[in-house]
Amino acid sequence: MLEALSAGASSFFVTEIENNMRKRLKLFRRIGILLAPACLTAAETATSMVVVADSRKLTGLRAWWANLYNDSHLNFALITVLVIPLSGVILGSLADFFMSRIGIDLKSRKLREG
Amino acid sequence: MDWLYTLMPIAGVHIWWPGLIILGLGVGIIGGFFGMGGAWMVTPGLNILGFPMAFAIGTDITQMAGKSLISTMRHARFGNVDYKMSFTMVGGNIIGLEIGARTVMWLERIGKIDFYVRCGYLVLLSLIAWLVFGDVAKKRRKERQARAAGRAVNELETGLEWHKTLQKIKLPPVMYFNKAGIRCSMWLPVIVGFCTGWVAGLLGIGGGLICMPALVYLVGCPTHVAVGTDLFNVALSGLYGAATYSYKGRVELLAALIMLVGAAVGAQIGTVATKYVRGYGIRIFFGIAVVGCGVTVLMKLISAANPQLKPLMDGSATVLILGLVTALALYIVYRFLLGVREELALKKQKAVVA
């Protein structure tokens, strides 16, 4: 009798669990159908992702730079395009100056292929 | 050790800044020596340091503009930059780049982009490696024949001579490029610029990898002049890339500036090292770099086709790239130091004799 009772109890619980799972699956399916259009449009939005610089942790020049980036990508781009060649010329001239102190000829080379 | 890490204001990541200087130094040495922008080594390097991929690409192109300008300044003092050639090519380059980019958009629409771009990259690198090593073999054969016949070996002679056939096509206007020492139709560098721009736009790489061998084998520039002229082209296209990526908000200027500090030193070393290496020495090491790059692309293709091999292939590709960059950079520094020592010893000897 005890065995019959426990078998009956376990089968009741299994049925309960199965019913709960079925209800959850139905709910997930309904949510999924509702979210499908949003998922499709979400894929498009991801390709035009905008990055925002977090200037809260920054101070001084870095904070100014991050705020400039957030305010205007055009100004950010203009300053980048000006700073990079200028820095290249300054650093290149400095490196050139130190290289010339070595004492080697930096103005000519012999053209030899083989 | 916190002072070794700095917060990047735009990307919002903490980066080990000595790594940026080392990367800049390495790419400066290799770029100054071979005339490459170095995107194939810097982008994965920046990604490994902690940059998201889009920032790695944008920052790389930005520092490439500055680094190439530094190398161009040094090469120009050696007389290695043919500005006339560069400006003649740039128009064809830009049109080719734009058409290459539109071809990419078309491939993306038909859903074939990844596979075709990677395969295209592999085919191109194999072709360049075959060109370089075939040329070296032919040159060696000519030298052996000259020695056997008792003739003096011409120092300026080359193996492959496709450029001689192309230079004979005198479609007006015909121009003389004095630094390169070439008289040819204006359309030769324009078409070569267009083709290299198209391939660069299609494969998403800087033009240096394609432009340097194109200048050598198709236009007929001496190797040293091809390196210098190519660097100027890379500086111009890098500036365009910097403008477009910074407008899209994917450039970390602070990182690019830190890298430029290393690149300024590296570019000097790499450029001056070309003084002590013959043209064919530069070509052989260029070929080795191309083979290494091709192997990493093959690994990426295998990783894309077999997801279970992805961690092994991606890790191996990274180790190979960084190992190759380190080995090449160290060898170039070695040749630089050796050459400087010999030149100073010779100078001292001449001073004593005088």
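Please read these numbers as outputs of a predicted model, since none were measured by experiment. Chain letters run A, B, ... following the sequence lines, proteins first and then strands; every chain starts at 1.
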Look at A:I84, A:L91, A:V81, A:D96 and state which one has the largest set of heavy-atom pairs under 4.5 Å with chain B.
-> A:D96
If you look at every heavy atom in A:Y69 and B:G249, which pair is closest and at what distance?
-> OH-O, 2.7 Å
Side chain to side chain contact (heavy atoms under 4.5 Å, CB included) test vs B:M259 passes for just one of B:V42, B:I21, B:T62, namely B:V42
Assign the ring pair B:F78 / B:H75 to parallel, tilted or perpendicular, where the plane angle (0 to 90°) is split at 30° and 60°.
-> perpendicular
Selection from A:A53, A:S55, A:A63 maximising heavy-atom pairs under 4.5 Å formed with chain B = A:A53
Pair count under 4.5 Å, heavy atoms only, with chain B: among A:S93, A:A77, A:S87, highest is A:A77
Got a sec, which residues hit ring-ring contact (aromatic ring centres under 6.0 Å, His included) with A:W65, two or more places apart in sequence or on another chain?
-> A:F76
Side chain, backbone, both or neither: which part of B:L69 has a heavy atom under 4.5 Å from chain A?
-> side chain
A:S72 versus chain B, heavy atoms under 4.5 Å apart: side chain, backbone, both or neither?
-> neither
Quick one: OH on B:Y5 to CH2 on B:W17, what's the gap to the nearest 0.5 Å?
-> 12.0 Å
For the candidates B:V265, B:L344, B:L239, B:V136, which exhibits the highest count of non-hydrogen atom pairs separated by less than 4.5 Å from chain A?
-> B:L344
So which part of A:L74 gets closer than 4.5 Å to some heavy atom of chain B, the side chain, the backbone, both or neither?
-> both
